[in-house]
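Below is one structure, written out as structure tokens; comments come after it.
We count ligands from 1, going down the list as the structure has it; atoms in each ligand are counted the same way. These figures come from a predicted structure and were not determined experimentally.
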Amino acid sequence: MLIKNALIFINNKAVPKDILIENEKITKIQDEISAEFNKDNLIIYANGKYALPGIIDPHTHMRDPGLTYKEDFITGSMACAKGGITTFLDMPNTIPNVTTKEELLKKKENSKNRSFVDYGFYFGGSKLDNSNEVKKTIHISVATKIFMNVSTGNMLVEDDKVLQNIFENSKLVAVHAEGKMVKKAIEISEKTNTSLYLCHLSTEEEIEYLRDAKAKKLKVYGEVTPHHLFLNKDNLKDNPLLVMKPQLKTKADNNALWKAINEGIIDTIGTDHAPHTLEEKKKNLIYGIPGVENSLELMLQAVKEKKLDIETLKRLMSENPSKIFNLKGKGSLKIGYDADIVLVNLNVNEKIDSTNIISKCNWTPYKGFNKGGNIITTIVRGNVVFNNGKFNEFKIGKEVI
Ligand code: DOR
Ligand code: ZN
Ligand code: ZN
């Protein structure tokens, strides 16, 4: 495949380049590449569109197996493709919970040939101390996920000894920790010398814990979600659907997160895509909102509004997730890397609407928000999976581990 005339960003400047893709990899990026190098005769004329590295979403809940009326692997991965996400990492609070090797293997088997984009799985820590299972699955999962606060699903782990055992047997631990629990997670990470990924930081206090950990050169990484950047308690007054864990915070917290992004304290953007149906959301207090279809559109709008620059976006949404989760060959537009590419039109003046939603939950928290770009084409390892609003039939997504 040859992509002609795509604008790629180099040090925040857009430069037109041709990109050659052979055997799923980027093999040349040059001012001009002759069509004779292109063996499969597929040419994409990107004229005027920007090529970004495919987005890697390190935090999704695809609900498969067990809760597939909310989302399944097919719809969840299609929603990703539509949002420019070429790899997603899936959380273990599916049913049954992924807390044994057997369940992880079943989930892997069940996902085969059912994803439009690439993906990886977390393994879940359990209050019953499953550190043996953690150890057994270390090479076939992206990280161990521990819920240190109450959230959707019944996966809370509170006992200090159990937490420590799980950390000790993990290569990387991702935590749902809020407030003081963030501090505690950092302490266990330091004590056990285990890398730590702090999911969805949402307050100034939590940012300060991360800042201190980084100052001490600990192997601690921080994620923020689009909803904690773009929404706050005021939005909840207008829209009671906006309940999730961690809850929306204040405008001052929004600002603290943006500041931390620009100071290099935050490592990734993860959506925490947590689809629930509208019926459920209206009837019960149920935590979670969808995210994968809009995260890139929203972050591109933030670039337009100069809340961050495009290089930072690329780092937070592609490069860093690849590095932290060791997703080899992913996360950058570079020779030898997987041809995971998203082509976007940045010259748009449109708003997010609630038509054509792919996620089974069929709603968006961002209706009426400005879009910083339109996602035109999503390419996974050289395969066009989404183009001009349409999906290709084949499900070529593969597991990253
Ligand atoms: O709001 C949330 N929803 N937070 C979580 O931690 C889990 C998620 C879910 O699975 O619905
Ligand atoms: Zn969480
Ligand atoms: Zn989550």
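Of the candidates K245, R63, M155, the one placing a heavy atom closest to atom 2 (C) of ligand 1 is K245.
Using a 4.5 Å heavy-atom threshold, the side chains of E297 and I375 count as touching. Looking at heavy atoms from C-beta onward, K330 lies out of side-chain contact with S318 at the 4.5 angstrom threshold. Contact check for T364 versus E293: no side-chain heavy atoms found under the 4.5 Å cut-off.
The name of the N, O or S atom in H176 nearest to the Zn ion (ligand 2) is ND1. No other N/O/S atom of D272 lies as close to the Zn ion (ligand 3) as OD1 does. For H200, the N, O or S atom closest to the Zn ion (ligand 2) goes by the atom name NE2.
Residue F147 approaches ligand 1 through these ligand atoms, each under 4.0 Å from one of its heavy atoms: 6 (O). Remark: ligand 1 atoms within the under-4.0 Å shell around heavy atoms of H176 are 6 (O). Heavy-atom contacts of A274 reach the following atoms of ligand 1: 3 (N), 8 (C), 9 (C), 11 (O) (cutoff under 4.0 Å). Applying the 4.0 Å criterion to heavy atoms of M244 picks out, from ligand 1, the atoms 1 (O).
Protein heavy atom nearest atom 6 (O) of ligand 1, with residue, atom name and distance: S151 OG, 2.6 Å. Considering only non-hydrogen protein atoms, atom 3 (N) of ligand 1 sits nearest to Y287 O, 3.1 Å.
Where the criterion is an N or O separation shorter than 3.5 Å, residue side chain and backbone included, G288 meets it with respect to ligand 1.
Contacts between H276 and ligand 1 below 4.0 angstrom, taking non-hydrogen atoms only, involve the side chain exclusively. By the criterion of a heavy-atom distance under 4.0 Å, the side chain of H61, and not its backbone, is placed next to ligand 1. By the criterion of a heavy-atom distance under 4.0 Å, neither the backbone nor the side chain of I286 is placed next to ligand 1.
Side-chain polar atoms of Y119 and T60 form no donor-acceptor pair below 3.5 angstrom. No side-chain N or O of S126 forms a donor-acceptor pair with one of T99 less than 3.5 Å apart. With hydrogens and angles left out, the side-chain atoms of E71 and S359 include a donor and acceptor closer than 3.5 Å.
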Point to revise | Verdict with supporting geometry, K191 and E187, salt bridge (Lys or Arg N to Asp or Glu O under 4.0 Å) | key: CA-CA 6 Å; K191 190 166 168 193; E187 282 163 8; over 6 Å; no
Exercise for review: Using the salt bridge (Lys or Arg N to Asp or Glu O under 4.0 Å) rule, take R63 and D72 through it: C-alpha gap first, then chi angles, then the decisive distance, then the call.
Suggested key: CA-CA 6 Å; R63 311 299 194 202; D72 64 33; over 6 Å; no
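Under 2.8 Å from the Zn ion (ligand 3) lies an N/O/S atom of H59, whether from backbone or side chain. Residue C199 does not count as close to the Zn ion (ligand 2), with no N, O or S atom under 2.8 Å.
The aromatic rings of F73 and F121 sit tilted relative to each other, their planes meeting at an angle between 30° and 60°.
I138 approaches K171 most closely through the heavy-atom pair O-NZ, 2.6 Å.
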